[in-house]
Amino acid sequence: MTHMHVAGAIHADVASPAPVWLTRPDDVNELTTKLWSSNTKREEDGVISIAGVRVTDLAEQVGTPVYVLDEDDFRTRARTWREAFAGWTVYYASKAFISTVVARWLAEEGLSVDVASLGELTVALRGGVDPARIAHHGNNKSDAELRVSLTSGVGRIVVDSSDEITRLERLCAELGVTAKVMVRVTTGVEAHTHEYIATAHEDQKFGFSIGGGQALVALFRCQNSPHLDLVGVHSHIGSQIFDTNGFEVAARRTLKLFAQFREATGQELPELDLGGGFGIAYTKEDTPSSAADLAAGLREIVRHECAGYGLNVPRLSIEPGRALIGPAGTALYRVGTVKPVELGSGFSRRYLSVDGGMSDNIRPALYAAEYSAALANRVSDAEPVISRVVGVHCEGGDILVRNEFLPGDTGVGDLLAVPASGAYSRAMASNYNHTPRPPVVAVNHGRITTILRRETLDDLLALDAGLEKSES
Ligand SMILES: *Cc1c(COP(=O)(O)O)cnc(C)c1O
C-alpha cells in the first residue's frame with residue numbers, strides 16, 4: 001500500500017535489530033543532504049541550525065515539540081516547480097499543510113492552490129490567494145462549501161459524483177452564476193512509491209470511472225448543462241510516487257477519453273490535470289526525481305499520447321503537495337526517557353520517548369511510514385545504536401521513527417530533529433490524549449516567526465460545554 005520497508009529483518013553480521021535497508025552510518029553526526037531542508041546544517045559546536053536559527057535557541061524560545069518551516073527552502077522549491085513546469089499551472093495541494101502565511105508565500109511565488117474543504121478554502125482566501133487560482137476538490141462537498149466557492153469566484157470545481165453535479169446545478173441556478181468544472185476521473189491506476197498497479201475496475205471512492213463509462217457520461221452532462229462550464233478532466237493516481245510509469249498509463253487512459261469525447265461532440269476538451277503524488281526522501285533509501293526530470297518526463301508522455309490520438313496538447317496542470325512542503329519542514333522534539341528493550345538472541349533496541357507522538361504525526365501509525373532522525377543539540381562520538389523514537393500516547397503503535405541509528409549516549413534532555421516533516425504531519429494532527437497541538441514556526445535569515453501558535457489547554461477546554469462559564 002504505502003512506503004513500507006521490510007520490517008524486522010536482521011543484519012546477519014551486526015548485533016542489531018535494524019531492518020536490512022537501514023545501514024550503519026559511517027558518521028552518525030552527518031546530515032544526509034537530501035533529507036534536510038536546504039538551509040539546515042551543523043554549526044561548529046555541533047548544534048543543528050535551520051536558516052540561521054540554532055535548534056537549542058528555538059527550543060528555548062518556543063518549546064518542543066515544534067514544527068519548523070524553512071521559508072527560503074519552501075519558496076525556492078515552489079519556484080523550481082513552477083519554472084520546471086513552465087506553461088503548466090502548478091496547484092499546491094493545501095491538504096499537505098496550509099496556513100494564511102503559507103498561502104501568502106504561494107501567492108507571491110505565482111502558484112495556484114487546490115483545496116478540499118471549507119476550512120482549506122477559507123484559509124487560502126484569507127491568505128490572499130486569488131480565487132481564480134483555486135481549484136476545489138472533494139467527494140462530498142456540502143452546500144455551504146459550494147456556495148462559498150461559487151460566490152468567491154473559485155477558478156474551478158472538480159466534480160466527483162452525479163449527486164454533486166445536481167447539487168452544483170441547483171446552487172448555480174439559485175445564485176445566478178456559472179461554475180467552471182473539471183471532471184475527476186478514475187483511471188484504474190494506483191501508484192505508490194516505486195510500484196503502480198493498473199487494474200480494469202476501480203474500487204475506491206473518488207471520481208468517475210473511465211473503464212465503467214461513467215466518466216464520459218459525466219463529461220456529456222457537464223457539457224450540456226446551462227449552469228456549468230466544462231474545463232476538462234482531472235486525474236490523481238496516488239502518493240509518494242518516484243517515477244512516471246503510473247502517470248504514463250493514466251495519461252493514455254485519460255487522453256483516450258479526450259478522443260472519445262471529441263468523436264462524440266466534435267469538440268476537444270481544453271484542459272488536463274495530472275494530479276499530485278510526487279515523492280520525497282524520508283530516509284536515505286528514497287530517491288526522488290527532480291522537478292526538471294519529472295517535467296521532462298510528463299511533457300513527453302502527454303506529447304506522445306496526444307500524437308497517438310491525433311489530439312492537440314491540452315492546457316496542463318499538476319498538484320504537488322508533499323514535494324513542496326515536505327522537505328521544507330523539520331520536527332523538533334525533546335527526549336524524556338530512554339529505555340533499552342531486550343529482544344532476545346543478544347539483540348536490544350533503545351526506545352527514546354519524546355514529547356510528541358502520533359497526535360502530531362500519525363503517518364507512521366497510519367501508513368507504517370518511515371522517517372529519519374538526528375541528535376540535534378550536539379554531536380556525539382558514541383557508537384551509533386539502533387533506536388526507536390516513540391511518543392507520549394497510550395498506544396503501542398505510537399511510533400515516530402521506527403528505526404534509526406542514533407548515538408548510543410543520546411539521553412534525557414537531548415533534542416531530536418526529524419527531517420521531511422512538513423507534509424501531512426501537523427496538517428493531520430489530532431488532540432488525542434487531550435494533547436495540545438504543536439506550533440509551526442517559519443525560520444529565515446536567523447529569524448523565527450510563529451505562523452501557527454501552540455494550542456493551549458485553554459483552547460481545548462474552550463470546547464468543553466460542561467464547564468461553567470466564568471463571569472469575566
Ligand atoms: C493528495 C492530493 C494531491 C497531493 O498529493 P501529494 O502526495 O501531496 O503530492 C493532489 N491532488 C489531489 C486530488 C489529492 O488528493
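Order of listing sets the numbers, starting from 1, for every ligand and every atom in it.
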Residues C222, V183; criterion side-chain contact (heavy atoms from CB on, under 4.5 Å); working and verdict
CA-CA 8 Å; C222 292; V183 170; 4.0 Å; yes

Step-by-step side-chain contact (heavy atoms from CB on, under 4.5 Å) determination, W88 to R315
CA-CA 7 Å; W88 297 36; R315 278 203 310 279; over 6 Å; no

Ignoring hydrogens, just give me the one of A427, G138, G277 whose non-hydrogen atom is nearest atom 6 (P) of ligand 1.
G277

Between ligand 1 and P320, can you find any atom pair, the residue atom being a heavy atom, that is separated by under 4.0 Å?
yes

Consider every N or O of K95 and every N or O of ligand 1, then say whether any pair is closer than 3.5 Å.
yes

Tell me if a side-chain donor or acceptor on S38 pairs with a main-chain N or O of D73 at a distance below 3.5 Å.
no

For H236, the ligand 1 atoms whose distance to one of its heavy atoms is below 4.0 Å:
1 (C), 2 (C), 3 (C), 5 (O), 10 (C), 11 (N), 12 (C), 13 (C), 14 (C), 15 (O)

Within the 4.0 Å heavy-atom shell around R184, which atoms of ligand 1 are there?
13 (C)

S239 neighbourhood, listing ligand 1 atoms whose heavy-atom distance to it stays under 4.0 Å:
7 (O)

Check each atom of ligand 1 against the heavy atoms of E319 and keep those under 4.0 Å away; list them by number with element.
3 (C), 4 (C), 9 (O), 10 (C), 11 (N), 12 (C), 13 (C)

Side-chain donor or acceptor of D293 paired with backbone N/O of S289 under 3.5 Å:
no

Taking the minimum heavy-atom distance to atom 4 (C) of ligand 1, which of G275, A93, A423 ranks first?
A93

The answer for which part of R322 has a heavy atom under 4.0 Å from ligand 1 is both

Counting from 1 in the order shown, the ligand 1 atoms closer than 4.0 Å to a non-hydrogen atom of G321 are 6 (P), 8 (O), 9 (O)

Return yes when F206 approaches ligand 1 closer than 4.0 angstrom through a heavy atom, no otherwise.
no

Relative to the heavy atoms of Y424, which atoms of ligand 1 are at a distance of less than 4.0 Å?
1 (C), 4 (C), 5 (O), 6 (P), 8 (O)

Side chain proximity check, S37 to P419, heavy atoms < 4.5 angstrom:
no

Tell me whether the NZ or CZ atom of R184 lies within the 45° cone about the ring axis of F206 and under 6.0 Å from its centre.
yes

Over-ring placement of R322 relative to F97, 6.0 Å and 45° cut-offs
no

Does P25 offer a backbone N or O that forms a donor-acceptor pair with the side chain of K284 under 3.5 Å?
no

